[in-house]
Each structure stands twice: as structure tokens, then as C-alpha cells.
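Accompanying notes for the structure given below.
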Amino acid sequence: EKVFAHELVHAMVNDAMGAEASTVLPLWFHVGIAVYGADQGDQMLQNYVYATSGWAESRLLNGLDGPHGAMDYAEDYLAFKYIFEKHGVNSLHNFVRFVVEDKKPIPEALQNSCFEDWQKFQENARKFGLQAIKDVGPPKRDYNGKPY
């Protein structure tokens, strides 16, 4: 169900903006909105934190630029959630408008919508992610040491 919902969010975003317009949004935004919209984020983050126990910060928060793999979904979700929770839904709308309609580069769109330059946004999104990882905590284990 959640995977279907995730893919449906991608389809809805592409349909709402037009597939060509949606290609200018960064990958972290596409994945972040799909994970958020499908309500996969918190469970995914918990699963990834538990799977990378002791290494979560370095494995999950490796930057929004560069190659993208499955473990990056948590970071993408957290970056999207950071904007939503710290700057509000209007900042998300404005970010999309600045990128798609006004054809602003990503750093400029973030500056205009969230009032943070690209470097500061990455730092703050990382701090937000670190706190989210900390909030998950270590996996709970039974008396035999097995996670539950």
C-alpha cells in the first residue's frame, strides 16, 4: 500500500505540474514529497536507523547532492519535512513556483522561499535529520538481544 501511495504521489506531482516542468525540481524534493505524502517517512527512518545502528548519521545523512541510493530516501524525506515544519507549507509552494515557473536555480529558490542560502539550508536540514535520528534511538531488544 505504501509503495503504491508513494508512486501515486510521484504521478500526481508530475500530472499537476506537467512532466517536463517537474524535471527541474531536485531529486531530493521529488523523493521527499513522495515519502512524506505516502506516510512512509517515520517508519522508513526508524527501519534505516535500526539497520545502520551506530552508523546512522554517516549512512543516512550524506548530503543532498551527488549519487542517490535507497538509503537516501530518509534524508530526502527529512529535508522535505524540515521545510514543511520549520518554514511552513507556503515555503514549499513558493519553492516549487520559483523553480518551475520562475526558472530560478535551486539555491536561489531556497533563499527566496525559506530565507536560507543553499549551504545554510543543508546545514539546518542535517541538524534536523540528526535530531530525528537521535529521537528514534537505538532499537529495542528483548532479553535474548533480538530487536522487536
Just wondering, do [Y] and [X] contact through their side chains at under 4.5 Å, heavy atoms?
X      : Y      : result
Val136 : Tyr50  : yes
Val35  : Asp76  : no
Trp118 : Gln111 : no
Leu25  : Ile33  : no
Leu61  : Ile133 : yes
Leu60  : Val49  : yes

Is there a path of hydrophobic side-chain contacts, each under 4.5 Å between heavy atoms of I, L, V, M, F, W or Y residues, that connects [X] with [Y]?
X      : Y     : result
Val100 : Met12 : no
Tyr73  : Trp55 : no
Val3   : Val9  : no
Leu27  : Val24 : yes

Rounded to the nearest 0.5 Å, what's the gap from [atom1] on [X] to [atom2] on [Y]? Could you check?
X      : Y      : atom1 : atom2 : answer
Ser113 : Leu92  : OG    : CG    : 8.0 Å
Ile83  : Phe128 : CD1   : CZ    : 10.5 Å
Arg126 : Leu78  : CZ    : CG    : 11.5 Å
Lys86  : Ser91  : NZ    : OG    : 13.0 Å
Cys114 : Phe98  : SG    : CZ    : 9.5 Å
His87  : Asn94  : NE2   : CG    : 12.0 Å

(Q) Can you see whether Gln46 engages Asp42 through a side-chain donor-acceptor pair at a distance of less than 3.5 angstrom? (A)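 Looking only at side-chain atoms, Asp42 and Gln46 do not form any donor-acceptor pair under 3.5 Å.
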
Of all the heavy-atom pairs spanning [X] and [Y], show the shortest one and how long it is.
X      : Y      : value
Val99  : Ala109 : CG2-CB, 3.5 Å
His68  : Val31  : CE1-CG2, 4.0 Å
Gln40  : His6   : OE1-ND1, 2.7 Å
Ile106 : Pro26  : CD1-CD, 3.5 Å
Leu45  : Ala74  : CD1-CB, 4.1 Å

Q: Compute the centroid of each ring, for Phe121 and then for Trp28, and state whether the two points are separated by less than 6.0 Å.
A: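 Yes, close enough.
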
Donor-acceptor under 3.5 Å ([X] side chain, [Y] main chain):
X      : Y      : answer
His30  : Ser22  : yes
Asp117 : Gln119 : yes
Asn14  : Ala11  : no
Gln122 : Gly63  : no

Q: From the options Arg59, Glu75, Met71, select the one residue that forms a side-chain contact (heavy atoms from CB on, under 4.5 Å) with Tyr48.
A: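 That would be Met71.
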
(Q) One thing to verify: whether Arg97 and Glu101 come together as a salt bridge, which I'm taking to mean a side-chain N less than 4.0 angstrom from a carboxylate O. (A)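 Here Glu101 does not pair with Arg97 in a salt bridge, since their nearest N and O are not under 4.0 Å apart.
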
Q) Do NZ/NE/NH1/NH2 and the carboxylate oxygens of Lys120 and Glu116 come within less than 4.0 Å? A)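 No.
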
Q. Parallel, tilted or perpendicular: which fits the ring planes of Phe84 and Tyr36, with parallel below 30° and perpendicular above 60°?
A.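 Answer is tilted, since the angle falls between 30° and 60°.
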
